[in-house]
Amino acid sequence: MDSDEEEMRAMRASNRYTGTTRKAPPAPNQKEDSALPRSSERIQQGDDSDAEMAVEEMSELKGFNMPLSFGKQKPVRTAGPQAHNATQRKGRGEKPVPKGVQFGPRITDVASKAGAQARMGRATAPEVQPGPEEDAEEEEERVGPAMPTGREEPDELPEPGKELEVIPVTHEVEVPCFDKAVTAIGLDPKGSRMIAGGLDGTLKFFDFHGMSEAKEAFRDLEPVVGKMVHSISFSTTGGQVLVVCSDASARIYDRDGSSTPIQQTVLGDMYVRQMEHTKGHTQTLTAGMWHPFRSEHFLTASLDGTMRIWDMTADPVGMDQQLPCIHVLKTVDKRNVCVGGGSGKQGGLFPTCCTYSPTDAKKIVAGCSDGSVQLFFDKARFMRPDRILRSAHSEGVTSVGFVPEGVEFNLLITRSLDNTMKIWDCRMLSDAKGPVKVFDDLRTAHEKTGVCTSPDGRYVVTGTSLSKNALGAATLRVYDVKTMTLAKSLDFGKKSVLQLAWPKDLNQILATTTAGDVVMLYSPFSSRKGALHFVGKKAKTKSAFSQLEEAGTGPIFNMTDPDEIKKFYSTGHGDMYRIRRSEARAAQKTLTPTRPEESGTKMPDQKFGDFAALALKAGAKTLHLNSTRVTDSDSQKALLEYQDKISAAQSNMLVDNAYSKTQPNKILDFSEDVSEGDKRMALAMRGEFCRKCGMKNCRCVDYSVYGQSGKKQRTA
């Protein structure tokens, strides 16, 4: 039996029977072998149970990676719990300001020396066990609430079975995007891709599945040069993206970020006062959103005071074949007039943000620049709002959203520049009844400060800004909708929080900041996909050969040539791109010829000028010109003077000499047959006739003076 066991151990240790490239663990020690009874001993003891034998044999094979199928299998690499330790959110904040009397450095030095001597004395003294009375005194001294530290306490790990009930903010990871603020963010319905738009008008496309710890975007795009991105919204299918920039046209791109848009909205006529009579926006766009469940409809808001609904299946208009709108929604001021806020109009009103109700899309809400909130109900023809909260906020509204309550969305959230966030009930929406809850002291310094809700509608998330010359820090705050209290406050330091998103498929909170990055808050226990795909996933290391190929051998300069020395020093100042571009232009096949200087000046090349003079002289001799001087100023005039000397026969011979022997009789006859009527008409049209009525004898002109330089109509 010992020989069989040795043979089995040799087979396990061989490379032929290992399913993966990992090595087998070392053989167990003698104590572990004695702890597990061998199958041979169980057989000698009379145990004939095949099931128990299989269990014992599998316990011995545990950890040896024996293959379950033929062939070498690729190991699945997943980030373990240790990978998320680096991204765990630690408590941070400002250090507590010491209170009381502050001593100088000399007194503190003396106190530190005295404390060190006291500690040494206690260390050398014999240890005395405290009695029960002393323990009671210490406990009495510790009674009372803990002193505030001024720091954000680290989050505790959730209890088993309650992972989904905890807000996913235990860990965070920052995705760098731009140098300036990230003003828009969009995620596809499955949560696999993210698009970020910045204040500089650039879009960056991220694929969570293909990302690594480097957090690099796979596509950069600039729809309009220098125009800020206001909104990014994916369609319900995730194949198309609505991008709204600070111009008058919205653009539709595919999910891969192609350089040219799929479609673009048409520009309206700015000279039309009634906005329903033009097919597009006439002023800068401010917001946009795709329809919640219709993949061909989307909504945009503009500075012209209107919101428009567009249909991707509508017939394009204009030379560029662009989309026209199908509905116009007007936001009105206190006079019930839509005037818009563009073109420097005083007291104008325009929608700054807009949204659909998520499930039924029967409500369209617009937050306006004067602080009002205007609600439109779904109907066949949109014109004016059905409900208006004229005194909702004292300043412009930055974001609006709905709170889900099962399948209904009756609670409306508004965020404003007046440092407040309010919750309204759409069933009793009026200024008289007011909001359900008002959250004050939320500093807002940016017009793109957003708000979002959790997928189950339990929490509302918003951010605060860091004002100039103000103490404190920017925060991200999570409020409980049921209790209307603050559930969590996260410190963001000097980075103000702008746009927010809490997708259902990820269960992660995404927050954009003014520092140009996207902060992803998640929990490794309840979150899915998203940040979990690339946290702990190291980027592929490139070989030295591939790096050498990408970098190239570099330019080689001759340090004995003054021109090469100048090039060498110019590369040190970052001008290598300009040098490469000039070298590529010099090496291309088609080059732009050197333009000659102005007429009357000397040719740039003396040899080329001599050749041109010889060519003109030889041509003059061939044409038998009287003047063969090269100094003739106008060669065209000389040729026109010689034209009168050439007869018609000679002019024909210039061409017909080549065909005199091969085609003595012309095969192609270009003459035309003129009918008798045309001949009579030609004869009738000869001579003088009136250019006004077409007749020879008429009373339009005084024929007594006809033929002279000035024609005068008859006055008598």
Side-chain angles (χ1 to χ4, degrees), residues 168 175 177 182-198 202-212 215-223 229-245 250-265 285 287-300 309-314 323 354-361 364 401-402 404 407 409 450 452-456 499-512 518 520 522 527-534:
V175 180
C177 299
V182 182
T183 56
I185 187 175
L187 288 94
D188 66 340
K190 296 298 182 182
S192 60
R193 289 197 176 180
M194 178 184 70
I195 303 178
T202 309
L203 297 176
K204 283 199 174 183
F205 292 71
F206 296 90
D207 187 3
F208 294 138
H209 293 277
M211 289 174 62
S212 62
K215 306 161 194 168
E216 296 178 350
F218 71 90
R219 183 83 69 217
D220 291 351
L221 181 63
E222 191 172 7
V229 181
H230 284 288
S231 299
I232 300 172
S233 179
F234 272 88
S235 63
T236 55
T237 59
Q240 298 173 345
V241 186
L242 169 65
V243 178
V244 176
C245 299
R251 293 163 181 83
I252 308 297
Y253 291 90
D254 59 1
R255 61 182 287 111
D256 296 326
S258 59
S259 58
T260 57
I262 300 174
Q263 190 53 271
Q264 186 174 344
T265 59
L285 300 181
M289 179 185 179
W290 212 283
H291 198 278
F293 52 85
R294 298 190 65 174
S295 59
E296 67 275 6
H297 285 185
F298 60 91
L299 174 71
T300 57
I309 300 176
W310 310 80
D311 190 354
M312 289 288 293
T313 60
L323 281 181
C354 58
T355 186
Y356 277 104
S357 56
T359 54
D360 53 1
I364 300 177
F402 285 91
V407 295
F409 290 82
C452 74
T453 59
S454 60
D456 57 357
Q499 294 292 315
L500 295 161
W502 193 336
K504 180 179 180 181
D505 291 344
L506 301 184
N507 194 23
Q508 302 173 20
I509 301 176
L510 283 73
T512 67
V518 178
M520 302 183 67
Y522 70 98
S527 300
R528 300 177 299 274
K529 300 184 288 188
L532 301 180
H533 281 306
F534 60 88

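Since the structure is predicted, the reported quantities are computational estimates derived from the model, not experimental observations.
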Item checked: side chain to side chain contact (heavy atoms under 4.5 Å, CB included) partner of Leu299, chosen from Ser233, Ser231, Cys354 -> Cys354
Margin query: So, using side-chain hydrogen bond (donor to acceptor under 3.5 Å, both in side chains) as the criterion, who are the partners of Arg294 when residues are at least two apart?
Written below: Glu296
Notebook entry, point to check: Are side-chain heavy atoms of Phe534 and Val175 found at a separation under 4.5 Å?
Noted result: yes
Report all side-chain donor-acceptor pairs from residues 189-196 shorter than 3.5 Å, counting only partners two or more places apart or in another chain.
unit_1 : atom_1 : unit_2 : atom_2 : d
Ser192 : OG     : Asp188 : OD2    : 2.7
Arg193 : NH1    : Arg255 : O      : 3.0
Arg193 : NH1    : Asp256 : OD1    : 2.8

Next item on the list: Using atom types as modelled and distance alone, determine if a side-chain donor or acceptor of Gln499 lies under 3.5 Å from a backbone N or O of Gly186.
Entry: no
Margin query: side chain to side chain contact (heavy atoms under 4.5 Å, CB included) for Gln240 and Gln263? Distances and angles first, verdict last.
Written below: CA-CA 10 Å; Gln240 298 173 345; Gln263 190 53 271; over 6 Å; no
Note to self: Looking at every non-hydrogen atom in both residues, tell me the closest pair between Phe293 and Thr359 and how far apart they are.
What the structure shows: CE2-O, 3.3 Å
Next item on the list: Answer yes or no: is there a side-chain heavy-atom contact under 4.5 Å between Met312 and Phe298?
Entry: yes
Notebook entry, point to check: What residues form a side chain to side chain contact (heavy atoms under 4.5 Å, CB included) with Thr355, not counting sequence neighbours?
Noted result: Met289, Val365, Val400, Phe402
Notebook entry, point to check: So, Ser527 side chain and Asn507 main chain: donor-acceptor pair closer than 3.5 Å or not?
Noted result: yes
Check: What closest approach, in Å, do Pro404 and Thr453 show between heavy atoms, and which atom pair accounts for it?
Finding: CD-OG1, 3.7 Å
Item checked: Value rounded to 0.5 Å, distance of CG in Leu285 from CZ in Arg251 -> 8.5 Å
Notebook entry, point to check: Can you tell me how far the NZ atom of Lys529 sits from the CZ atom of Phe208, to the nearest 0.5 Å?
Noted result: 10.5 Å
Checklist line | Side chain proximity check, Leu221 to Val243, heavy atoms < 4.5 angstrom | finding: no
Checklist line | Considering all heavy atoms, the nearest Gly450-Leu500 contact | finding: O-CD1, 3.8 Å
Next item on the list: Might you work through the side chain to side chain contact (heavy atoms under 4.5 Å, CB included) test for Leu187 and Ile185, ending with a clear yes or no?
Entry: CA-CA 7 Å; Leu187 288 94; Ile185 187 175; 4.3 Å; yes
Check: Taking the side chain from Trp290 and the backbone from Val241, do they hold a donor-acceptor pair closer than 3.5 Å?
Finding: no
Notebook entry, point to check: Can you name the closest pair of heavy atoms from Leu203 and Pro223 and give their distance?
Noted result: CD1-CG, 3.7 Å
Check: Under a 4.5 Å cut-off applied to non-hydrogen side-chain atoms, are Leu510 and Cys452 in contact?
Finding: no
Item checked: Nearest heavy atoms of Leu323 and Trp310, plus distance in Å -> O-CZ3, 3.3 Å
Notebook entry, point to check: Hey, is the main chain of Val182 close enough, under 3.5 Å, to the side chain of Thr512 for a donor-acceptor pair?
Noted result: yes
Note to self: Before you tell me yes or no, could you show the steps for Tyr253 and Arg219 under side chain to side chain contact (heavy atoms under 4.5 Å, CB included), namely the whole-Å CA-CA distance, both residues' side-chain angles and the distance that decides it to 0.1 Å?
What the structure shows: CA-CA 13 Å; Tyr253 291 90; Arg219 183 83 69 217; over 6 Å; no
Margin query: Run the side chain to side chain contact (heavy atoms under 4.5 Å, CB included) test on Leu242 and Ile252 for me, step by step, so that the C-alpha distance in whole Å, both residues' side-chain angles and the decisive distance to 0.1 Å come before the verdict.
Written below: CA-CA 5 Å; Leu242 169 65; Ile252 308 297; 3.6 Å; yes
Note to self: Using modelled atom types and a 3.5 Å cut-off, is there a donor and acceptor pairing between side-chain atoms of Lys204 and backbone atoms of Ala217?
What the structure shows: no
Checklist line | Test item: Gln508 side-chain N/O and Arg528 main-chain N/O as donor-acceptor pair under 3.5 Å | finding: yes
Margin query: Can you confirm whether more than 12 heavy atoms, excluding those of Glu222, are under 6.0 Å from its CD atom?
Written below: yes
Next item on the list: Provide the closest heavy-atom pair for Phe205 versus Gly257 in the form atom of the first, atom of the second, distance.
Entry: CZ-CA, 3.6 Å
